[in-house]
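Input: a single structure, listed below in structure tokens.
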Amino acid sequence: MAQSPITPRLADFAAWYQDVVLQGDLAEPAEIVKGCMVIKPNGYAIWELLQRELDNRFKATGHKNMYFPLLIPQSFLKKEAEHVEGFSPELAVVTIAGGKELEEPYVIRPTSETIIGHFFAKWIQSWRDLPMLVNQWANVVRWELRTRMFLRTTEFLWQEGHTAHATHEEAQEEVLRILDMYAEVAEDVMAMPVIKGMKTQSEKFAGALRSYSIEAMMQNGLALQAGTSHDLGQNFGKAFDVKFQNKEGQLDYVWQTSWGVSTRLIGGLVMSHSDDKGLVIPPKLAPVKSVLVPIYRKDEEKGAVLEAAHRMAKDIGAEVDDREGQSPGAKFFHWERRGVPIVLELGPRDLASGGIVLKRRDTGAKESVPQSELKACVETVLQTIQQDLYAAAKQRLKDNTVVANSIEAVELILGDVTAEKGGGKFVMAHLKDDPACDAKLKTFKATVRCIPQLDEYDGSGKCLVTGETVERRVVVAKAY
RNA sequence: CGGGGCGUGGCUCAGCCUGGUAGAGCGCCUGGUUCGGGACCAGGAGGUCGAAGGUUCGAAUCCUUCCGCCCCGACCA
């Protein structure tokens, strides 16, 4: 009996995560390039499915895809004071090109607000040019000190939406529309429940007026910021001189938004559903939804089994694992680690009985179903898996959300939590949106994840740090 | 940047202390027997031991310098 190549979650959650990503064949560290990874077919296929889900929604709401240069003149970053301060430490800069020192270095984009601001200024003159709704699928580079596959890599893939509007109200609507869209994809497609809310002033995007995010809870109780949507106000409009003439004939700066989700979502997906046996992928994002493993002993059986296997697999769109020289057992483990939602087993026994064995990846439950009902069965089970994964994640979020009424209580709950040991919670506490509060939490490495849009608790109360009355409880947690 | 670990066939590692013909398991190739939860037998291919310099008759092993990667913290989607 071979030993599992996957560290159990309870032993070391961070090691488990790495093992699952590697064994699930999602990605591997590039090694030759610091902090970067190679996304492998099984991982990239998930990204493509996510892209499709998101892209369809962007287009349905009037956004158009564009592509902007990877390299940005260094001076652009400096035009917005907060922005340059926020991003400077993590910039990769190109100083030599074509064998010559550049007069002005280029930065490799960490995000594209600045270069897009430049072009918006060129393209926008009138209120008739607004709203301008742009999205870009791209790679970005942020020289992070600490990287983890998918969750934080030096280079990562994402989409960044950039829009310009005539009024602040319109921009705010856009910001929240996108936030809702992100939450819908997270919950309905990824089966990953999220909390929608606003970031505190200390946690907001560098250069934004306000930032909103969706926050998910991983199995170790740590929070993962799964998507952000920023109300940029007129900050970038002013920095890049993006002016338009309104209906009254007056000049005004545009109101901008930006928003993004990244390949980090795949990390969230892994840490939401997978188990000690490996990857578990919700059916809507599974590159392979079902695999049929044929079983036979003798050559006489082989022909009949393979014929039936291919016929049935074709009918339901399953892949047949007819690799020679691998025992069925080895194949079961193979697909289990890769998170395929349904594995079907078909052997002489089934041919005789007219049944076929269907195994669910999430629960491990095995049942024999009549071959004639296979198609309907697979459909139903896939839907059930999708729902059950969401329900389980939702329940876990609920079970691990607690209320605290003093800063000591918050520290007691979160103080010892680490990504490795787990035990994290979402702590609902009354805290003012004040840098002093963020700083206080930082002493034990916790952060305000967001100020929830929806108050599911007891309304207003006194801030645990300043004593001032605040409207509602905020989500405090340790985060990735 | 601080702490820790590691660079030896594709992968995981042993060998280094005490210098003397480069090893194991897994994987891979060939043939055969197997096949309802990680099969077995036989044969085979595959390595300038991270790099440079030094000590030595002789270096994977000792010395010096450098490079890289991973993990843990501070920074962050």
Side-chain angles (χ1 to χ4, degrees), chain A residues 1-5 12 14-15 17-18 22-23 28-37 85-91 110-111 139-160 182 199 202-206 211 213-216 223-230 258-268 277-278 293-299 301-302 305 321-337 343-353 355-357 359 364 366 368 418-421 442 445 447 479-480:
Chain A
M1 186 60 74
Q3 207 170 358
S4 172
D12 181 342
Y17 173 76
Q18 277 217 116
L22 291 171
Q23 293 296 322
E28 66 180 52
E31 287 187 336
I32 48 162
V33 189
K34 187 176 160 55
C36 291
M37 64 177 173
E85 197 188 324
F87 282 102
S88 285
E90 51 189 69
L91 292 178
T111 178
N139 55 341
V140 290
V141 166
R142 298 182 187 178
W143 214 259
E144 305 284 0
L145 301 169
R146 171 99 169 79
T147 58
R148 306 174 197 250
M149 280 191 286
F150 289 111
L151 300 174
R152 179 168 300 105
T153 44
T154 300
E155 177 185 6
F156 58 96
L157 304 182
W158 76 346
Q159 61 67 216
E160 44 180 329
Y182 285 163
K199 287 290 187 186
S202 343
E203 292 279 329
K204 73 178 167 65
F205 176 75
S211 287
S213 72
I214 52 171
E215 299 285 331
L224 184 76
Q225 179 174 306
T228 49
S229 186
H230 312 293
S258 71
W259 28 274
V261 296
S262 70
T263 37
R264 164 180 265 199
L265 286 178
I266 296 172
K277 293 173 184 165
V293 176
I295 299 161
Y296 45 82
R297 291 165 204 268
K298 310 173 194 91
D299 275 351
E301 292 168 346
K302 184 175 170 180
V305 168
D321 186 354
D322 55 4
R323 288 174 294 165
E324 295 286 344
Q326 290 245 43
S327 68
K331 292 178 182 176
F332 296 145
F333 279 107
H334 175 81
W335 296 110
E336 187 165 75
R337 281 198 297 264
V343 171
L344 301 161
E345 310 178 19
L346 186 76
R349 229 185 267 162
D350 306 292
L351 288 190
S353 70
I356 181 166
V357 175
K359 180 167 184 185
K366 243 184 198 186
S368 181
T418 66
E420 297 75 45
K421 283 188 294 183
K442 208 173 172 180
K445 292 165 191 160
T447 48
Y480 275 104

Across every strand shown, the nucleotide meeting Watson-Crick or G-U wobble geometry with B:rU55 (both distances under 3.5 Å) is none
Of the options B:rC70, B:rC35, B:rA39, whose atoms approach the side-chain atoms of A:I295 most closely? B:rC35
Identify whether any heavy atom of A:E336 sits under 4.0 Å from a base atom; if not, whether one sits that close to sugar-phosphate; answer base, sugar-phosphate or nothing. base
Are the charged groups of A:E324 and A:K302 less than 4.0 angstrom apart, N to O? yes
Checking contacts here: which listed nucleotide (B:rG73, B:rG36, B:rA39) is nearest the side-chain heavy atoms of A:E345? B:rG36
Searching all strands shown, indicate the nucleotide that pairs with B:rA39 (Watson-Crick or G-U wobble; both distances under 3.5 Å). B:rU33
What is the pairing partner of B:rC49, taking Watson-Crick or G-U wobble pairs with both distances under 3.5 Å in any strand? none
When we call it a touch if two heavy atoms are under 4.0 Å apart, what does A:F156 touch: a base, just sugar-phosphate, or nothing? base
d(NZ, A:K302; C1', B:rG36) in whole Å: 18 Å
Which part of the nucleic acid, if any, lies within reach of A:V357 when heavy atoms closer than 4.0 Å are counted: base, sugar-phosphate only, or nothing? base
Check the phosphate of B:rG36 against A:R349, side-chain N and O only, distance under 4.0 Å to OP1 or OP2. Yes or no? no
Checking the side chain of A:Y182 only, and the main-chain atoms of A:G260 only, is there a donor and an acceptor separated by less than 3.5 Å? yes
Is there a Watson-Crick or G-U wobble partner for B:rG27 with both distances under 3.5 Å, and if so, which one is it? none
In terms of side-chain heavy atoms of A:R337, which of B:rG36, B:rG73, B:rG38 is nearest? B:rG38
From CG of A:L22 over to P of B:rC70, roughly how many Å is that when rounded to an integer? 12 Å
Are the side chain of A:K277 and the backbone of A:E336 linked by a donor-acceptor contact shorter than 3.5 Å? no
Could you work out which one of B:rC71, B:rC35, B:rC75 sits closest to the side chain of A:Q18? B:rC71
Here's a test of your reading of the structure: between A:R148 and A:T154, which maps to the more 5' nucleotide of RNA chain B? A:R148
With sugar-phosphate meaning primed atoms plus P, OP1 and OP2, does A:P328 contact a base, only sugar-phosphate, or nothing at under 4.0 Å between heavy atoms? base
If pairing means Watson-Crick or G-U wobble with both distances under 3.5 Å, then the partner of B:rC17 is none
Indicate, with a heavy-atom threshold strictly under 4.0 Å, whether A:L224 touches base, sugar-phosphate, or nothing. nothing
Scan A:G267 against the nucleic acid and name what it touches under 4.0 Å (heavy atoms): base, sugar-phosphate only, or nothing. nothing
Holding to side chain to side chain contact (heavy atoms under 4.5 Å, CB included), I want the full list of residues that pass it with A:L157, two or more places apart in sequence or in another chain. A:I39, A:Y44, A:W47, A:N139, A:T263
Between A:S262 and A:R297, just flag the one whose closest nucleotide in RNA chain B comes earlier from the 5' side. A:R297
Give none if B:rA74 has no partner; otherwise give the nucleotide forming a Watson-Crick or G-U wobble pair with it, both distances under 3.5 Å. none
Under 4.0 Å between any heavy atoms, over every strand shown, what does A:S88 touch: base, sugar-phosphate, or nothing? Just pick one. nothing
Are any of A:Q326's side-chain N or O atoms less than 4.0 Å away from OP1 or OP2 of B:rC35? no
Is A:K442 near enough to B:rC75 that one of its side-chain N or O atoms lies under 4.0 angstrom from OP1 or OP2? yes
Provide the Watson-Crick or G-U wobble partner of B:rG9, both distances under 3.5 Å; none if there is no partner. none
Candidate nucleotides B:rG73, B:rG36, B:rG38, ranked by approach to the side chain of A:K445 - the nearest: B:rG73
Test: A:E215 and A:K199 ion pair at under 4.0 Å: yes
Quick one: does A:Q159's side chain have a donor or acceptor within less than 3.5 Å of a partner on A:V261's backbone? yes
Pair A:I295, A:E301 - check side-chain contact (heavy atoms from CB on, under 4.5 Å), show working. CA-CA 9 Å; A:I295 299 161; A:E301 292 168 346; over 6 Å; no
If only side-chain N and O atoms of A:S327 are considered, is one of them under 4.0 Å from the OP1 or OP2 phosphate oxygen of B:rC35? no
Both distances below 3.5 Å, Watson-Crick or wobble geometry, any strand: find the nucleotide opposite B:rA60. none
Within the structure shown, what part of the strands sits under 4.0 Å from A:Y480 by heavy-atom distance: base, sugar-phosphate, or nothing? nothing
